[in-house]
Amino acid sequence: MFTMPIQHKLFLVLLMTTLLLVGGMFGILRWSLADSFNSYLERLQTDRVGRLVDSLRGCYVRHSGWDVLRKDRGHWVDLLWKANHHANPPDEFKALADFPEPEWPPKRLPGYGYGSNDAHFELRVMLLDESRRIAVGREDLIDKADLHPIVLEDQTVGYLALLKSKRKMNSTEISFFNQQSRTFTWITLGMVVLSFLMSIALAYWLGKPLKDIADVVRRLAAGDYRPRVNIGTRDALGGLAGDINQLALVLDQTEKLRRQWVADVSHELRTPLSILRAELEALQDGIRPLEPGAVDLLLNDVLRLSRLTDDLYQLALSDRQAMTYQYTRTEPLPILETLVRTLTTEFESRSLTLELAMPWLDKVKVWADPDRLAQLFGNLLINSLRYTDPGGCLRIAGHLDAGKLRLEFADSAPGVAVADFTNIFQRFYRVEMSRNRQHGGAGLGLALCQSIVEAHGGSIEAGPSELGGLRISVALPLLDNEK
């Protein structure tokens with residue numbers, strides 16, 4: 001299927017829009033010119049009527065009536081012409097005064113007869129007296145005329161009857177309109193050419209950013225997260241380009257994390273599997289005898305693999321928001337005390353002191369899953385058990401603050417660098433130097449703790465401990481009646 005490039009679409013849209021506007025302007029200008037010219041003719045005729053009425057009013061005063069105009073057509077012809085031209089009438093118009101036909105305007109007169117050359121204003125006027133009887137004119141044309149009263153001292157003394165014009169434009173007017181039409185046509189053609197050139201420029205100017213954005217999106221869809229959209233404007237396109245660049249950055253980081261995830265999982269699985277394989281091959285070859293000690297080593301590696309796969313499974317459930325929680329009114333302190341009693345022997349075996357200082361937290365309740373809280377507290381205790389130097393201490397304290405239960409797990413040396421506090425909850429992240437892989441674990445415990453705490457609407461953060469090691473602070477929202 002043929003797909004038209006965006007620049008071509010923009011060009012056609014801009015060009016068609018401009019052509020419609022230019023065509024509409026051309027039509028409006030021609031109509032406006034004709035309408036304005038007709039209005040001008042109407043105003044001209046109105047002015048002529050006014051001047052002729054003034055002349056007839058003066059004639060009425062001078063001669064005390066209309067009899068002079070009834071009897072002397074030459075006086076009528078002279079008055080008609082001088083009223084609007086302020087000059088003597090031409091010879092061909094004077095000839096009408098001696099025309100044998102008594103009616104006005106004459107029915108047939110080459111060059112002047114009404115109906116043949118009705119454009120002449122002087123041949124379209126007649127005079128009626130105050131009773132609307134014919135003074136100068138034809139009875140058969142009165143119904144076709146507009147009457148304009150002649151008023152003298154608030155009294156109507158007669159009527160000027162003006163026949164409607166049926167004329168068409170004369171040669172001078174036609175020439176004027178043709179000239180204006182040609183001018184408008186050339187202007188229109190010039191605007192069309194200019195619109196064509198501007199449409200090309202605008203289509204390129206508007207289409208290039210869209211083309212660049214489309215190219216970058218296609219490369220992102222193909223898995224290449226390196227390209228960026230370079231648009232320096234601050235309009236909607238600039239905002240879209242910024243969003244796409246941000247998306248590319250997130251995708252690039254996500255891809256790096258995914259690769260790191262795969263590499264870390266592979267490494268964590270390969271280490272115990274390699275040990276298991278070596279131990280089993282040694283047993284198979286008879287190098288190592290099958291004795292309880294060898295079985296214990298194999299069991300430890302299997303347990304390590306089991307813990308790793310369990311942690312991975314729990315984190316995968318958390319990512320899919322499929323980790324199940326059975327929330328209920330829960331007292332966290334008994335859960336923590338039970339775990340402390342369970343791990344006391346292991347802490348003593350490493351010469352570690354375990355302090356639990358929160359007797360005032362009895363009966364404090366939170367809305368939580370007891371099993372997940374046990375998992376959270378267990379991971380934090382085991383983390384300190386693994387990484388605290390022998391002879392050290394783990395101090396667990398808590399207090400209530402702004403409707404939350406805050407628990408702090410602070411251990412002694414070794415400590416953690418400040419730069420590692422923000423990364424310590426990342427999966428497979430291990431602090432180098434003292435807290436490293438030699439202590440065991442896959443670096444998933446704290447990541448799983450963060451997932452559990454956030455699922456309960458709480459927060460978890462790391463910081464330096466007053467004892468010289470690491471401090472993990474957990475905040476869980478209390479029930480309403482515990483605040």
Problem set entry | Face-on cation placement of Arg132 at Tyr159 ring, 6.0 Å and 45° thresholds |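 Here Arg132 passes the 6.0 Å and 45° test against Tyr159.
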
Under a 4.5 Å cut-off applied to non-hydrogen side-chain atoms, are [X] and [Y] in contact?
| X | Y | result |
| --- | --- | --- |
| Arg471 | Phe409 | no |
| Leu376 | Val474 | yes |
| Cys59 | Leu69 | yes |
| Asn379 | Leu446 | no |

NZ/NE/NH1/NH2 to OD/OE distance under 4.0 Å, [X] and [Y]:
| X | Y | result |
| --- | --- | --- |
| Asp54 | Arg57 | yes |
| Asp146 | Arg124 | no |
| Lys71 | Asp67 | no |

For this session: Kindly determine whether Asn88 and Lys82 satisfy side-chain contact (heavy atoms from CB on, under 4.5 Å), including the steps that lead there.
Result: CA-CA 6 Å; Asn88 294 321; Lys82 288 184 177 181; 3.1 Å; yes

Okay, side chain of [X], backbone of [Y]: is any donor-acceptor separation there less than 3.5 Å?
| X | Y | result |
| --- | --- | --- |
| His456 | Asp369 | yes |
| Ser55 | Val53 | no |
| Asp411 | Leu470 | yes |

Exercise. How far apart are the C-alpha atoms of Met126 and Val136, what are their side-chain angles, what is the distance that settles it, and do they pass the side-chain contact (heavy atoms from CB on, under 4.5 Å) test?
Worked result: CA-CA 6 Å; Met126 299 181 297; Val136 181; 5.9 Å; no

Nearest-0.5 Å distance, [atom1] of residue [X] to [atom2] of residue [Y]:
| X | Y | atom1 | atom2 | answer |
| --- | --- | --- | --- | --- |
| Ser384 | Ile396 | OG | CD1 | 7.5 Å |
| Arg329 | Leu479 | CZ | CG | 5.0 Å |
| Ser459 | Lys404 | OG | NZ | 5.0 Å |
| Phe377 | Ile335 | CZ | CD1 | 6.5 Å |

Less than 3.5 Å apart, any donor N or O on the side chain of [X] or [Y] sitting next to an acceptor on the other?
| X | Y | value |
| --- | --- | --- |
| Arg228 | Asn245 | no |
| Gln45 | Arg48 | no |
| His85 | Glu122 | yes |

For this session: Assign the ring pair Tyr60 / Trp66 to parallel, tilted or perpendicular, where the plane angle (0 to 90°) is split at 30° and 60°.
Result: tilted

Problem set entry | From CA spacing to verdict: side-chain contact (heavy atoms from CB on, under 4.5 Å), His63, His75 | CA-CA 12 Å; His63 300 282; His75 193 79; 3.9 Å; yes

Problem set entry | Derivation of the side-chain contact (heavy atoms from CB on, under 4.5 Å) call for Leu141 and Lys144 | CA-CA 5 Å; Leu141 297 179; Lys144 301 176 182 179; 4.2 Å; yes

